[in-house]
Amino acid sequence: MTTKYETVIGLEVHVQLNTDSKIFCGCSTEFGKEPNENTCPVCLGLPGTLPVLNKKVVDYAIMAGLALNCDIAEYSKFDRKNYFYPDLPKAYQISQFDLPVAENGEIEIETEAGLFNIGVTRVHLEEDAGKLIHEGSIDKSKGSLVDYNRTGVPLIEIVSEPDMRTPAQAKAYLTELKMIMEYLDISDCNMEEGSLRCDANVSLRPVGQEEFGIKAELKNMNSFSAVEKGLEYEVKRQQKLLDEGKKVVQETRTWDESLNKTISMRGKEEAHDYRYFPEPDLVPLEIDAAWKEEMRKEIPELPREKYKRFISELGLPEYDAGVLTGDKDLAVFFEEVLSDYDDPKNLSNWMMGEFLRLLNENGQAPFESGVSPINLAKMLKMIDQDIISGKIAKKVFEKMYNSGSDPETIVEEEGLKQISDEDELENMVDGIIADNPDAVEDVQNGKDRAIGFLVGQVMKETRGKANPGLVNQMLRDKLMD
């Protein structure tokens with residue numbers, strides 16, 4: 001973003017794991033319940049209670065670590081992170097400090113500037129805190145209410161290396177990370193519900209300097225675009241300070257969407273002392289080779305691998321492959337149709353065109369519509385077999401989408417079968433020729449575009465049911481001999 005300074009960005013991403021119960025108790029993790037309904041003495045931190053570790057949480061953390069190309073620890077432990085905050089009922093959080101589940105990974109991302117490998121420092125487990133409901137904006141609130149439903153919900157925190165140099169790279173990293181978690185099916189990554197939350201550390205340093213500059217931490221960004229815009233603003237803010245000979249203060253800031261800028265929340269002159277010490281109520285984790293291998297077998301083809309396969313094996317353009325693999329359910333739907341219809345590019349055109357249009361208009365996911373993979377395959381075969389035209393197919397598809405009916409039934413009931421019988425078409429073609437002498441003269445004078453007009457008239461006459469290729473050939477045979 002600037003030639004005088006180099007931007008340095010690192011991201012800390014909290015991913016809520018989609019287990020049915022919390023990390024250390026049996027309370028439900030279901031979102032949207034009445035405030036403080038999903039609580040018990042354990043997650044409320046009442047005296048005399050003891051945590052019991054949910055094994056599924058560890059399974060998911062191991063899977064995440066493997067998918068991010070991390071080393072999985074043979075020995076890991078939990079620690080108490082001590083601090084007071086109203087939404088933390090125990091006044092400490094059970095987390096992992098020096099021995100996380102996974103370390104030393106990386107993921108590949110792609111931006112318009114090319115391919116980049118972004119390092120993953122660590123993946124560790126921890127329990128979530130509660131949620132404060134502020135009266136007004138966070139920086140001007142006169143009071144807050146506390147909902148402890150989220151307390152104890154399992155999280156993994158994924159900490160990147162400070163390898164990103166532009167907000168665009170940060171957005172691409174987040175996008176790839178989100179897709180990986182969704183493909184693993186360990187989180188729904190819904191940012192609006194807090195299932196995926198991102199904090200960013202950003203600093204500037206003179207080009208060529210190895211030492212990092214003073215960083216600002218950005219919090220409370222609830223969308224990928226907010227992360228990108230917040231980082232872009234923060235880079236400009238810090239650059240202006242440095243250009244004016246002022247110092248950047250280490251602090252925590254928040255992105256204000258309404259003001260379109262970052263706002264200071266609190267100063268952070270030095271790292272906070274959380275007085276970590278090993279959690280005395282939980283035994284250490286020992287992850288042997290068998291456990292790790294069991295989790296490795298659970299890992300599906302990941303989005304980046306699928307993207308490359310769609311290009312190399314199916315011959316799809318990069319853009320198509322990116323759209324189709326960018327949503328797990330869309331990719332699954334595509335491959336299910338492909339198992340019955342062997343034309344990847346034509347299928348891709350329909351899915352990225354009509355299908356995505358209707359999904360977006362109705363706010364639905366691929367498997368929520370009335371179109372099943374088998375019925376879409378049937379419809380595309382009907383086009384290829386000249387049973388219906390491409391234009392009619394759009395009507396059929398929309399009826400499939402809304403009703404769930406199969407294409408054969410719709411075509412039969414609506415009388416939409418394509419007319420490919422030459423005897424049936426000939427009278428219509430002759431009538432159009434007779435009714436449009438000017439267009440006929442244009443065709444005979446070499447104005448080829450007039451053929452298109454005449455074809456259009458036949459299609460209008462037959463309500464789109466005539467075989468356009470056959471009509472085109474019949475007109476040429478009659479007028480251009």
Is [X] reaching over with its side chain to a backbone N or O of [Y], donor-acceptor style, under 3.5 angstrom?
{"X": "R253", "Y": "T262", "result": "yes"}
{"X": "N38", "Y": "E30", "result": "yes"}
{"X": "K261", "Y": "Y233", "result": "no"}
{"X": "D163", "Y": "G119", "result": "yes"}
{"X": "S203", "Y": "K215", "result": "no"}
{"X": "T29", "Y": "D20", "result": "yes"}
{"X": "D329", "Y": "P366", "result": "no"}
{"X": "T49", "Y": "G45", "result": "no"}
{"X": "S403", "Y": "K399", "result": "yes"}
{"X": "D199", "Y": "E12", "result": "no"}

Give the minimum heavy-atom separation between [X] and [Y], together with the two atoms involved.
{"X": "P407", "Y": "M400", "answer": "CB-SD, 3.9 Å"}
{"X": "L330", "Y": "V323", "answer": "CD2-O, 3.7 Å"}
{"X": "A64", "Y": "M181", "answer": "CB-CE, 4.2 Å"}
{"X": "N375", "Y": "G404", "answer": "ND2-O, 4.1 Å"}
{"X": "A129", "Y": "L88", "answer": "CB-CD1, 4.1 Å"}
{"X": "N149", "Y": "E34", "answer": "ND2-O, 2.8 Å"}

Salt bridge [X]-[Y], side-chain N to carboxylate O under 4.0 Å:
{"X": "R309", "Y": "E305", "answer": "no"}
{"X": "R304", "Y": "E108", "answer": "yes"}
{"X": "K229", "Y": "E232", "answer": "no"}
{"X": "K306", "Y": "E335", "answer": "yes"}
{"X": "E293", "Y": "K297", "answer": "no"}
{"X": "K77", "Y": "D98", "answer": "yes"}

Interatomic spacing from [atom1] in [X] to [atom2] in [Y] - rounded to 0.5 Å:
{"X": "T252", "Y": "M265", "atom1": "OG1", "atom2": "CE", "value": "7.0 Å"}
{"X": "E244", "Y": "Q239", "atom1": "CD", "atom2": "CD", "value": "10.5 Å"}
{"X": "E298", "Y": "L184", "atom1": "CD", "atom2": "CG", "value": "10.5 Å"}
{"X": "S223", "Y": "L174", "atom1": "OG", "atom2": "CG", "value": "10.0 Å"}
{"X": "D71", "Y": "R122", "atom1": "CG", "atom2": "CZ", "value": "13.5 Å"}
{"X": "D320", "Y": "T325", "atom1": "CG", "atom2": "OG1", "value": "10.5 Å"}

pair [X]-[Y]: side-chain heavy atoms closer than 4.5 Å:
{"X": "K131", "Y": "P35", "result": "no"}
{"X": "L11", "Y": "M164", "result": "yes"}
{"X": "Y75", "Y": "L99", "result": "yes"}

Out of F334, F367, F333, W350, which one pairs with F355 under the ring-ring contact (aromatic ring centres under 6.0 Å, His included) rule?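 Among F334, F367, F333, W350, the one meeting ring-ring contact (aromatic ring centres under 6.0 Å, His included) with F355 is F333.
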
For the pair D243 and Y5, evaluate side chain to side chain donor-acceptor pair (under 3.5 Å) and give the outcome as yes or no after the intermediate values. CA-CA 10 Å; D243 284 343; Y5 303 104; 3.0 Å; yes

Testing E103, E286, H124, Q96 one by one against S76 for a side-chain hydrogen bond (donor to acceptor under 3.5 Å, both in side chains), which residue passes?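 Single pass found, and it is Q96.
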
Give a yes or no on this: more than 12 heavy atoms of other residues, nucleotides or ligands lie within 6.0 Å of atom [atom1] of [X].
{"X": "D288", "atom1": "CG", "result": "yes"}
{"X": "K246", "atom1": "NZ", "result": "no"}
{"X": "E368", "atom1": "CD", "result": "yes"}

Run S21 and N54 through side chain to side chain donor-acceptor pair (under 3.5 Å) and show every step you take. CA-CA 8 Å; S21 57; N54 183 340; 3.3 Å; yes

Apply side chain to side chain donor-acceptor pair (under 3.5 Å) to residues S187 and Q16 and explain how you reach the verdict. CA-CA 6 Å; S187 175; Q16 179 180 315; over 6 Å; no

Derivation and outcome, salt bridge (charged side-chain N to carboxylate O under 4.0 Å, His left out), residues R205 and E211: CA-CA 8 Å; R205 63 184 177 188; E211 182 182 354; over 6 Å; no

Tell me, with the steps shown, if K81 and D79 meet salt bridge (charged side-chain N to carboxylate O under 4.0 Å, His left out). CA-CA 6 Å; K81 180 180 180 181; D79 302 276; over 6 Å; no

If the plane angle is over 60° it's perpendicular, under 30° parallel, otherwise tilted; pick one for Y401 and F397.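 Correct class here is tilted.
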
Would you check, one step at a time, whether the test side chain to side chain donor-acceptor pair (under 3.5 Å) holds for T39 with N36? CA-CA 6 Å; T39 57; N36 301 302; 5.7 Å; no

Under the salt bridge (charged side-chain N to carboxylate O under 4.0 Å, His left out) rule, what do K90 and E279 come out as? Steps first, then yes or no, please. CA-CA 13 Å; K90 296 193 296 283; E279 170 55 57; over 6 Å; no

